[in-house]
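Notes for the one structure printed next.
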Amino acid sequence: MIADKILVNFQQIFCPIDMGHPLRGADMNEATIIEKGYIAIKDGKILAVGQGKPDKKFMNANTEIIDYTGKFATPGLIDCHTHLVYGGSRESEFAQKLNGVPYLDILAAGGGILNTVKSTRAASFEKLHKKTAGLLDEMLIHGVTTVEAKSGYGLDWQTEQRQLQVLKELNKDHIIDITATFMGAHAIPVEYKDQSEEFIDLIIEEMLPEVKKENLAEFCDVFCETGVFTAEQSKRVLQAAKELGFKLRIHADEIDEIGGTSVATEVGATSAEHLMVISEKGIEQLSKANIIGNLLPGTTFSLMESTYAPAKKMIEKGMAITLTTDCNPGSCPTANLQFIMQLGCLMQQLTPTQVYNAVTINAAYSVCRNKTVGSFDVGKNADITIFNASNIDYTLYFFATNLVNEVYKNGELVVQHHQKVKS
Ligand code: NIG
Ligand code: FE
């Protein structure tokens with residue numbers, strides 16, 4: 001078959017191995033790194049990836065050849081846990097945070113997530129659409145081609161619906177592909193203060209069926225945390241979501257360990273999120289149940305905590321992990337997945353191969369897009385992120401700057417010289 005275009009002369013190409021399931025334990029150390037390689041594209045899909053000069057059988061006079069001498073390429077990066085759709089911002093709480101007021105105390109006083117709920121309720125569809133598109137642009141120029149994004153700053157049906165509609169619209173309008181998650185159980189809204197059971201009834205009886213009916217989300221997520229939702233309440237929501245056909249996630253062991261990992265195993269979640277304070281037992285449970293750990297070291301960093309999720313130990317115990325931004329206005333205001341990957345190395349002692357497996361193939365499994373993205377297997381979408389670096393180590397060692405120079409989405413050049421070139 002003849003390629004439409006062939007990207008040639010890469011110094012290194014990182015090729016994750018799609019084993020038909022997320023890479024767990026020692027398999028996270030496996031990948032092929034092609035030295036001096038090429039990527040051939042046909043109809044927006046991967047036609048071939050190989051070493052040296054591309055085979056003549058892929059070329060004719062119409063094949064475009066693009067030179068990437070000295071560059072490093074990976075499958076498009078996947079940010080598999082974000083809270084992208086929100087109104088306002090929270091720098092007004094920054095001084096409190098710097099003075100040591102804990103995250104959950106700010107929330108208990110009506111700030112934090114509830115602060116963002118006020119601004120999100122007040123924001124129109126257009127406003128939210130524009131703001132979220134801006135964040136997606138930022139992610140794209142940092143090398144991300146697929147994201148997961150949650151609702152959860154409405155906590156009333158109108159606003160939750162608006163957030164999810166924004167995501168649905170942007171999935172069509174924006175270059176980045178989006179998987180949507182309904183997270184009505186993100187906090188207890190002021191109008192339900194001390195009536196959390198009634199709020200859960202509302203989520204189960206009214207919101208979840210409506211999200212399903214309007215096909216607004218594929219996943220359901222819950223914040224299982226002290227002062228937010230108990231393990232029992234989280235289980236109620238997730239069980240109801242499961243019965244309606246949603247796939248499940250759970251924010252577990254982020255600040256306090258209150259049983260979220262047990263809930264994840266009981267309901268059969270696809271992933272458990274954060275896991276900063278997970279116990280040995282929790283690691284064993286998730287490992288045994290093949291639940292992916294979505295780890296968010298940027299949140300630990302931004303909350304100024306010293307305990308990072310024990311990523312190394314999780315891998316030793318056979319878990320599959322991903323790294324992801326958590327991009328949100330409170331606990332992790334960043335859209336730069338590269339920085340999160342660098343934290344994965346510097347603060348969690350992950351190896352570069354583990355880090356790239358985490359944000360490509362494992363993240364693809366986490367968002368259930370493994371059939372189409374996450375590796376350079378022939379026939380998958382030609383989503384390609386190209387770094388201004390000659391090798392994998394450099395991209396993690398030189399931190400907190402944008403090293404991504406080009407991005408291809410479905411075989412089309414969409415970012416060049418750190419700028420979006422196509423909308
Ligand atoms: O994943 N933990 C709950 N939700 C987000 C934070 C949201 C916010 O602070 O606005 C998180 O950390
Ligand atoms: Fe989160």
Side-chain angles (χ1 to χ4, degrees), residues 79-94 96-97 101-121 123 128 131-132 135 147-155 159-160 163 179-189 219-229 233-234 237 248-258 260 264 269-278 292-305 307-309 322-335 337 340 363 366-367:
D79 197 344
C80 62
H81 174 142
T82 77
H83 305 254
L84 276 182
V85 197
Y86 59 87
S89 56
R90 303 237 286 276
E91 70 277 19
S92 59
E93 295 172 354
F94 196 50
Q96 264 181 299
K97 174 172 145 167
V101 183
Y103 178 80
L104 290 178
D105 289 6
I106 296 177
L107 175 63
I113 295 173
L114 294 175
N115 178 347
T116 301
V117 166
K118 274 188 224 136
S119 16
T120 309
R121 285 180 179 180
L128 290 175
K131 193 176 168 91
T132 310
L135 282 172
V147 308
E148 181 264 11
K150 307 170 201 296
S151 68
Y153 291 121
L155 314 180
T159 318
E160 289 290 316
Q163 285 189 279
T179 38
T181 297
F182 169 66
M183 198 174 178
H186 192 198
I188 299 156
F219 286 90
C220 176
D221 196 343
V222 179
F223 190 14
C224 181
E225 187 57 71
T226 304
V228 192
F229 297 99
Q233 291 173 326
S234 303
V237 174
L248 312 175
R249 305 190 184 285
I250 180 166
H251 280 59
D253 300 352
E254 178 176 351
I255 296 159
D256 294 325
E257 197 209 354
I258 62 160
T270 301
S271 63
E273 329 290 300
H274 289 285
L275 310 175
M276 269 147 74
V277 296
I278 191 171
I292 299 171
N294 285 336
L295 309 186
L296 306 116
T299 308
T300 319
F301 174 80
S302 168
L303 291 177
M304 302 186 293
E305 297 286 348
T307 311
Y308 283 77
T322 74
L323 290 169
T324 165
T325 58
D326 204 16
C327 178
N328 72 68
S331 68
C332 197
T334 183
L337 184 58
I340 305 306
S366 173
V367 295

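What you see below is based on every heavy atom in this structure, not just the backbone, and it leaves out hydrogens, waters and symmetry mates. Read the numbers this way: they start at 1 and go in the same order the structure lists the ligands and their atoms.
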The Fe ion (ligand 2) and C332: any N/O/S contact shorter than 2.8 Å?
no
Distance-only, no hydrogens or angles: does the N328 side chain make a donor-acceptor pair with backbone N or O of G330 under 3.5 Å?
yes
Treating S89 as the side-chain partner and P329 as the backbone partner, does any N or O pair qualify as donor plus acceptor under 3.5 Å?
no
Going by the atom numbers of ligand 1, which of them fall below 4.0 Å from some non-hydrogen atom of Y103?
6 (C), 7 (C), 8 (C), 9 (O)
Please give the atom name: the N, O or S atom of H251 nearest to the Fe ion (ligand 2).
NE2
Test item: T120 side-chain N/O and G87 main-chain N/O as donor-acceptor pair under 3.5 Å
yes
Angle in degrees, rounded to 10°, that NE2 of H81 and OD1 of D326 form at the Fe ion (ligand 2):
80°
D326 neighbourhood, listing ligand 1 atoms whose heavy-atom distance to it stays under 4.0 Å
1 (O), 11 (C), 12 (O)
Counting non-hydrogen protein atoms only, what is the nearest one to atom 12 (O) of ligand 1? Give residue, atom name and distance.
S331 OG, 2.6 Å
Using a 3.5 Å cut-off on N or O atoms only, is H251 in polar contact with ligand 1?
yes
side-chain hydrogen bond (donor to acceptor under 3.5 Å, both in side chains) for H274 and D253? Distances and angles first, verdict last.
CA-CA 7 Å; H274 289 285; D253 300 352; over 6 Å; no
With heavy-atom distances below 4.0 Å as the criterion, list the atoms of ligand 1 near Y153.
7 (C), 8 (C), 10 (O)
Without swapping roles, check the side chain of T181 against the backbone of C220 for a donor-acceptor pair under 3.5 Å.
no
Residue I113 vicinity, atoms of ligand 1 by number, heavy atom under 4.0 Å:
7 (C), 8 (C), 9 (O), 10 (O)
So, does E160 use its side chain to make a donor-acceptor pair with the main chain of G152 at under 3.5 Å?
yes
Numbered atoms of ligand 1 (with element) below 4.0 Å of H186, judged on heavy atoms:
3 (C), 4 (N), 5 (C), 7 (C)
What protein heavy atom sits nearest atom 5 (C) of ligand 1, and how far away is it?
H83 NE2, 3.5 Å
Is the closest N or O pair between R90 and ligand 1 shorter than 3.5 Å?
yes
Any atom of ligand 1 sitting under 4.0 Å from a heavy atom of T116?
no
So, does Q163 use its side chain to make a donor-acceptor pair with the main chain of Y153 at under 3.5 Å?
yes
Where the side chain of K131 meets the backbone of G88, is there a donor-acceptor pair that is under 3.5 Å apart?
yes
To check your reading of the model: name the closest protein heavy atom to atom 1 (O) of ligand 1, its residue, and the distance in Å.
H274 NE2, 2.8 Å
Between S271 and G293 (side chain of the first, backbone of the second, donor and acceptor by atom type, cut-off under 3.5 Å), is there such a pair?
no
Is ligand 1 under 4.0 Å from a heavy atom in the side chain of E254, in the backbone, in both, or in neither?
side chain
Using a 3.5 Å distance criterion without hydrogens, assess whether the side chain of E254 forms a donor-acceptor pair with backbone atoms of M276.
no
